[in-house]
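None of the values given here were measured: they were computed from a predicted structure.
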Amino acid sequence: IGCLPVINDNNELIGIVSDKDIFHAIYESQHGFTSLKVSDLMTIDVIVGLYDDDLDYIASVMTYNRIRHVPIVEGKKIVGLLSIGDIVKAQMKNMEFENRYLKQYIDGTYPA
């Protein structure tokens, strides 16, 4: 687990805590880390995606902002969480399909 979304009593996304946030807090307050609260650590200005966003767009948002997780929201409610691993898996699956069809086309075995 690389991050945890933080939600309020209305199930609305209000922040996110990543492993990076925790590591920074440990480094900055080496002796007082255990007394910190989630609200002390969480990122409030969360970069989010929408349910209809294209995976390539989300991947570019992650790359540009150097983040590994993007909460997916509808309104202010979180409906999912995409990780860079999810993006890579989806891209690999697309490449596998494309390779299969290209090989079949080259071999002359493509059914169309």
Side-chain angles (χ1 to χ4, degrees):
I1 298 174
C3 76
L4 294 171
V6 181
I7 58 173
N8 64 15
D9 292 335
N10 297 321
N11 290 325
E12 298 171 335
L13 181 68
I14 59 170
I16 193 166
V17 177
S18 71
D19 52 356
K20 287 182 182 180
D21 296 326
I22 294 169
F23 295 142
H24 285 290
I26 290 171
Y27 178 76
E28 290 173 1
S29 60
Q30 296 174 3
H31 301 291
F33 171 71
T34 56
S35 64
L36 294 176
K37 298 178 183 178
V38 170
S39 60
D40 298 327
L41 302 175
M42 71 182 186
T43 299
I44 296 171
D45 295 326
V46 182
I47 297 170
V48 299
L50 304 176
Y51 190 76
D52 293 332
D53 282 342
D54 186 77
L55 283 182
D56 288 336
Y57 171 73
I58 297 293
S60 65
V61 167
M62 288 179 170
T63 301
Y64 180 77
N65 292 287
R66 301 180 62 109
I67 57 176
R68 295 176 294 156
H69 302 89
V70 173
I72 306 302
V73 297
E74 285 184 354
K76 292 185 178 184
K77 301 201 188 243
I78 187 168
V79 295
L81 181 67
L82 280 175
S83 72
I84 195 70
D86 297 327
I87 300 291
V88 170
K89 285 179 194 173
Q91 290 175 337
M92 285 178 55
K93 188 172 280 297
N94 285 340
M95 285 192 302
E96 288 172 10
F97 288 135
E98 186 176 319
N99 285 341
R100 175 181 168 203
Y101 291 122
L102 286 173
K103 286 178 185 177
Q104 288 177 341
Y105 179 77
I106 291 168
D107 294 341
T109 59
Y110 186 72

If you measure from [atom1] on [X] to [atom2] on [Y], what distance do you get to the nearest 0.5 Å?
X     : Y     : atom1 : atom2 : result
Ser35 : Asp40 : OG    : CG    : 8.0 Å
Ile58 : Thr63 : CD1   : OG1   : 11.0 Å
Ile22 : Leu41 : CD1   : CG    : 6.5 Å

### Query
Excluding sequence neighbours, so at least two apart, what forms salt bridge (charged side-chain N to carboxylate O under 4.0 Å, His left out) with Arg100?
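Not a single residue meets the salt bridge (charged side-chain N to carboxylate O under 4.0 Å, His left out) criterion with Arg100.
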
### Message
Check whether Thr43 reaches the backbone of Val46 with its side chain - one donor and one acceptor, N or O, closer than 3.5 Å.
### Response
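No, because the side chain of Thr43 does not come within donor-acceptor range (under 3.5 Å) of the backbone of Val46.
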
### Query
Do the side chain of Asp54 and the main chain of Asp56 share a donor and acceptor less than 3.5 angstrom apart?
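Confirmed, Asp54 side chain pairs with Asp56 backbone.
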
### Message
Does Lys77, at its NZ atom, have more than 12 non-hydrogen atoms belonging to other residues, nucleotides or ligands within less than 6.0 Å?
### Response
yes

### Query
Does atom CZ of Phe33 have more than 12 heavy-atom neighbours, drawn from other residues, nucleotides or ligands, at distances under 6.0 Å?
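Yes - once you tally the heavy atoms of other residues, nucleotides and ligands closer than 6.0 Å, there are more than 12.
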
Should [X] and [Y] be regarded as members of a common hydrophobic cluster, given that ILVMFWY residues are connected when their side-chain heavy atoms come within less than 4.5 Å of each other, either directly or indirectly?
X     : Y     : answer
Ile44 : Ile14 : yes
Met62 : Tyr51 : yes
Met42 : Ile78 : no
Leu36 : Val17 : yes
Leu4  : Leu13 : no

### Message
Any non-hydrogen side-chain atom of Asp86 less than 4.5 Å from a side-chain atom of Leu55?
### Response
no

Using atom types as modelled, flag every donor-acceptor pair under 3.5 Å from a side chain in residues 67-75 to any protein atom, sequence neighbours excluded.
from	atom 1	to	atom 2	distance (Å)
Arg68	NH2	Asp19	OD1	2.4
Arg68	NH2	Asp19	OD2	3.0

### Query
If every non-hydrogen atom of Lys20 is compared with every non-hydrogen atom of Arg66, which pair is closest and at what distance?
NZ-O, 3.5 Å

